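We use all heavy atoms of the structure for the numbers below, so side chains are in, but hydrogens, waters and symmetry mates are not. Below, read A as the first sequence line, B as the second, and so on, with proteins coming before strands; counting in each chain starts at 1. On a predicted model such as this, the values are computed, not experimentally measured, just so you know.
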Protein chains: 2
Amino acid sequence: MSNITLKKIAEELKLSPSTVSRSLRDSHEISQETKDRVRALVAKLDFQPNPHASSLRKNKSKTIAVIIPEIENNFFVQVLNGIEEIAQKNGYHVLIYITHENYQREVDILHMLRSGRVDGIMISVASSTTNFEHLTAYVELGVPLVFFDRVCEIMDAPCVTTDDAQAAFEATEHLIKTGCSKIAFLSLDGNLSISSRRRSGYLEALKQYGLLNNKIIVECCLDDEATRQKIRSLFLRENKPDAIFTAIEKFSITTYEVCKELQIKIPEQVKMISFSNLTAASLFNPSLSAIIQPAYGIGRESADILFRLIDRKKLLPTQKKVIIPSHLVIRESSPVQQIVL
Amino acid sequence: MSNITLKKIAEELKLSPSTVSRSLRDSHEISQETKDRVRALVAKLDFQPNPHASSLRKNKSKTIAVIIPEIENNFFVQVLNGIEEIAQKNGYHVLIYITHENYQREVDILHMLRSGRVDGIMISVASSTTNFEHLTAYVELGVPLVFFDRVCEIMDAPCVTTDDAQAAFEATEHLIKTGCSKIAFLSLDGNLSISSRRRSGYLEALKQYGLLNNKIIVECCLDDEATRQKIRSLFLRENKPDAIFTAIEKFSITTYEVCKELQIKIPEQVKMISFSNLTAASLFNPSLSAIIQPAYGIGRESADILFRLIDRKKLLPTQKKVIIPSHLVIRESSPVQQIVL
DNA sequence: AATTTTTACGCAATCGTTTCCGAAATTCGT
DNA sequence: ACGAATTTCGGAAACGATTGCGTAAAAATT
């Protein structure tokens with residue numbers, strides 16, 4: 001770390017530190033000539049003000065924290081990409097924390113962040129989170145917080161999501177219209193906002209088409225092997241589903257693998273559709289019909305909102321609860337025309 | 001941000017700030033009784049020392065920066081995952097910066113980081129980086145820096161990579177052994193360390209099998225459409241390749257798409273193999289043979305090394321240049337037995 | 001009992017920047 | 001030309017935690 005300080009610059013130029021500081025922030029109470037002299041030396045010595053001293057004094061860290069439940073998930077990666085983009089534009093730094101769907105870790109991180117290390121937080125809660133005290137405690141400190149995707153509706157904080165229920169409805173409806181009547185819905189256990197919204201979209205579609213009695217809801221956990229086992233038993237029971245709708249990208253991969261293992265043909269024997277942001281989904285065998293979430297946009301929008309909060313700007317009324325639509329891409333795993341063998 | 005400070009704790013307990021500070025760091029010169037009193041109040045008030053004040057005084061930020069060229073790439077995501085894991089264990093925070101393969105952005109980030117904001121840097125350089133002054137200038141400041149994957153060999157900084165040349169050799173050899181003689185190698189343009197190492201592995205295999213005259217090297221850039229066009233023309237030239245070996249995951253996806261478009265069958269008409277960390281590669285149509293890099297391990301190992309440097313611990317001699325082997329997974333896109341139609 | 005050592009704590013400087021007050025020096029208004 | 005307003009800058013006190021140094025009191029040593 002360079003040990004050249006504001007004070008040294010000041011000495012060198014026979015100025016006071018305050019003048020140098022003001023020059024650097026282009027204060028109107030410094031003459032142009034002095035500013036130029038300061039900037040010249042600063043540039044020459046490649047001086048950078050110490051961010052910790054600055055943060056301490058100004059009580060601003062120019063840093064935000066992004067808390068995500070997992071990183072090996074294209075959705076969160078794209079969100080992060082959007083966030084980083086906006087943060088960079090605003091001159092902010094991005095701290096990343098991964099909870100690995102662990103509630104305790106989430107609590108610890110939020111607790112730790114109460115120190116003033118960051119000016120704001122963006123979070124998608126862990127699947128194991130049912131209690132929100134750690135979040136309310138944080139918000140009560142007055143530090144801006146924005147939820148994205150997996151939100152906590154009851155809290156007074158902006159939420160940026162996609163239209164999960166609508167998207168799930170459309171996906172289910174699509175499956176119904178292509179002839180499916182026994183559609184299984186695979187979702188993450190716990191009571192995440194997205195899970196319940198997606199489930200209700202699924203159920204609503206079944207209801208509208210009089211198929212509510214056929215509902216098959218399977219709640220899977222994070223353990224890959226357990227999920228695999230649940231999917232297997234789904235195919236081994238007497239009343240097999242004729243379609244699978246997975247609410248989580250990862251589950252679609254597991255489902256494909258199980259189908260391969262059990263030699264079940266997609267889409268002939270079972271159709272498939274999934275929430276997924278995998279760019280490679282179109283290369284799957286068969287290509288996977290997917291609900292693509294506007295991940296990048298969610299990242300950008302929620303970051304935008306966070307910075308408005310940080311800058312104490314008024315939020316537009318529409319920015320309290322932002323919903324960006326997903327879109328459905330139909331591919332071979334759930335073809336519109338039934339493939340006849 | 002909580003406005004409760006060390007000083008207030010001290011007043012409340014009728015102690016001096018120094019005593020409180022020492023109590024919190026478990027100094028031996030504080031009686032157990034006092035420590036207990038301090039800790040009790042600290043716990044009760046949920047006090048957290050201001051990190052900026054602490055960083056300023058101790059000249060330690062407890063933060064590292066991770067600079068990656070792109071994030072929508074499974075390899076870097078897994079590396080990041082490993083890094084975050086180790087950082088968390090060491091009580092460190094992780095700042096993430098994405099260069100988007102942009103040299104100037106990389107320069108700017110490194111310049112900005114010369115302020116003492118972080119205690120160390122982990123970086124994989126951008127493909128457009130040919131000049132390393134920004135890196136040497138940084139290292140000369142005495143701040144630890146570790147390279148991973150895309151390294152700069154000539155610099156005196158630890159490097160953690162995989163055995164690119166060996167892996168590329170084996171992949172090429174595999175293609176040759178399954179009957180291919182016109183193997184095209186698709187790599188990223190620019191002179192990245194990984195590109196040249198992978199290329200040399202490819203060339204070495206061709207050489208050993210007397211196929212050097214058949215070498216086909218295509219350098220692609222980041223523009224997706226340009227890459228697509230280059231791949232198309234590869235298939236449209238008179239002397240078509242009978243195998244494609246892509247050094248970058250993204251290129252394999254584009255290649256698959258082009259093959260679909262041109263109705264070229266993999267592996268019947270052209271075999272494929274790629275460097276890739278996509279978990280879903282096994283679900284491709286056909287499933288993609290891949291060189292899987294130990295991304296998570298690279299992340300963990302390079303973070304480990306960085307923290308040794310930060311703690312001024314001696315590096316083991318083996319930690320100056322760490323090479324973690326990749327492994328080849330053969331799938332349907334380059335079957336061992338030739339599929340006869 | 002006198003001395004040395006140890007224990008347990010306080011004082012005050014320090015990290016580097018920012019900003020509230022002044023206060024010269026200059027310009028302006030009339 | 002003389003007070004008022006403006007411009008331009010410096011002094012010094014923050015911000016909050018850490019730490020070198022000093023020192024009473026208690027304990028140990030001779």
For B:Arg25, what residues pass the side-chain contact (heavy atoms from CB on, under 4.5 Å) criterion, not counting sequence neighbours?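 If we apply the side-chain contact (heavy atoms from CB on, under 4.5 Å) test to B:Arg25, skipping adjacent residues, the hits are B:Ser21, B:Lys58.
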Report the residues that fulfil side-chain contact (heavy atoms from CB on, under 4.5 Å) with B:Asn191, sequence neighbours left out, ordered by chain and then residue number. B:Thr130
Name all residues meeting the salt bridge (charged side-chain N to carboxylate O under 4.0 Å, His left out) criterion together with A:Glu70; count only those two or more places apart in sequence or in a different chain, and write none if there are none. A:Lys250
Applying salt bridge (charged side-chain N to carboxylate O under 4.0 Å, His left out), can you list everything that pairs with A:Arg105, at least two apart in sequence or on another chain? B:Glu84
Taking only residues at least two apart or on different chains, which pairs with a member in residues 302-323 of chain A satisfy ring-ring contact (aromatic ring centres under 6.0 Å, His included)?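 Found A:Tyr92-A:Phe307.
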Five pairs at each end of the helix from C:dA1-D:dT30 to C:dT30-D:dA1: take the axis at both ends and give me the angle between them to 10°.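 Taking five pairs per end, the axes differ by 30°.
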Hits for ring-ring contact (aromatic ring centres under 6.0 Å, His included) against A:His52, two or more places apart or cross-chain, chain-then-number order -> none
Report the residues that fulfil ring-ring contact (aromatic ring centres under 6.0 Å, His included) with A:Tyr296, sequence neighbours left out, ordered by chain and then residue number. none
Can you pull every protein N or O that's under 3.5 Å from an N or O on nucleotides 26-29 of chain D?
none

Summary of side-chain hydrogen bond (donor to acceptor under 3.5 Å, both in side chains) pairs that have at least one residue in residues 133-149 of chain B, sequence neighbours excluded: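 For residues 133-149 of chain B: B:Glu106-B:His134.
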Just to be sure I understand the geometry, which residues of residues 19-27 of chain A put a non-hydrogen atom under 4.0 Å away from DNA chain D? A:Thr19, A:Arg22
Pairs under 3.5 Å (N/O, protein and nucleotides 13-15 of chain D):
{"unit_1": "D:dA14", "atom_1": "N3", "unit_2": "A:Arg57", "atom_2": "NH1", "d": "3.2"}

